[in-house]
Amino acid sequence: MRVLIAKDYDELSAKAFEVMMGIVKNNPYAVLGLATGTTPLGLYRRMIEDHNAHGTSFAHIRTVNLDEYKGLPKDHPQSYAYFMRENLFLHLDIEASNTYIENGMAQDEQAECACYNKLLAEMPRDIQLLGLGSNGHIAFNEPYTPFGSETHVVDLTENTIKDNARLFSDISEVPKKAFTMGVKQIMQAKQILILVSGANKAEAVCKTVCGKVTEEVPASVLLLHPNCILIADKEAASKL
């Protein structure tokens, strides 16, 4: 794992942009694994700015997202499908039909997971973007998720629900379950880019980078990936 420490969030986002756009500009048909949450917003803003200023095209790019809340329709303001449209896709020349995310309203969980597994097998990602949970989770793969896991429905931990409550009017509105890409599938990406910001993530960064590879800290599996870059701001890297 290559670890880069940025002086602040703005520099973190700039470094992430360099990595992501290196993929896009070298391969206009690339498959991008994308993530939601507040951390990648600076990266996404730069991607939009670059598209507007320099005409970088996403017309042939395909994307797959890590996860989606169970029970939220794609037009719900807190769904991840909505997040991606509002914060990235609507501002690029990407085809909506080339953007993929789990169906949070799927009634048959097993069938939806099987469908997404098939999709991921047919669309190997050139890069997978990740955030890091304060308990070391990646996507919604909570502690003790088997490293061999594929797409599944997870019961979100109290810690994760609290982390995500800032995006809802009240913590009671946060869904209790989510569809998520499995650890095995995250590791199948050709390159992984994980972004971490804030002092509340410092312990998780330390356990990820300096600890042993253990399912107790899902992100620690990234130490086994041959091409993983972790970019953390100074606060997130404070315990390294």
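Note: hydrogens, waters and symmetry copies are ignored here, and every other heavy atom, side chains too, is used. What you see is a predicted model, and the numbers here were worked out from it, not measured in a lab.
Ring geometry, Phe83 versus Tyr80: the interplanar angle exceeds 60°, so the pair is classed perpendicular (tilted spans 30 to 60°). In this structure, His60 and Tyr29 have parallel ring planes: the angle between them is below the 30° cut-off, well short of the 60° mark.
Defined by atom type and a distance below 3.5 Å, a donor-acceptor pair is missing between the side-chain atoms of Asp126 and Gln191.
A side-chain donor-acceptor contact under 3.5 Å links His152 to the backbone of Glu150. The closest donor-acceptor contact from the side chain of Asp93 to the backbone of Phe58 lies under 3.5 Å. Judged by distance alone, the side chain of Asn117 and the main-chain N or O of Cys113 form a donor-acceptor pair under 3.5 Å. One N or O on the side chain of Arg85 and one on the backbone of Lys74 form a donor-acceptor pair closer than 3.5 Å. Although no hydrogens or angles enter the test, the distance criterion places no donor-acceptor pair under 3.5 Å between the side chain of Ser238 and the main chain of Ala202. Remark: side-chain polar atoms of Lys201 are paired, donor with acceptor, to backbone N or O of Leu132 under 3.5 angstrom.
Ion pairing of Arg46 with Asp10 is present here, as a side-chain N (NZ or NE/NH1/NH2) and a carboxylate O approach within less than 4.0 Å. Of the charged side-chain nitrogens involved, none lies within less than 4.0 Å of a carboxylate oxygen, so that Glu49 and Arg45 do not count as a salt-bridged pair. Using a 4.0 Å cut-off between charged side-chain N and carboxylate O, Lys70 and Glu109 make a salt bridge. Salt bridge status for Asp50 with Lys25: present, with a side-chain N to carboxylate O gap under 4.0 Å.
One finds the NZ atom of Lys212 at 9.5 Å from the OG atom of Ser220 (value rounded to the nearest 0.5 Å).
Residues Leu193 and Ile61 share a hydrophobic cluster, clusters being chains of Ile/Leu/Val/Met/Phe/Trp/Tyr side chains in contact below 4.5 Å.
In terms of heavy-atom proximity, Tyr9 sits nearest to Thr38 at OH-O, 3.3 Å.
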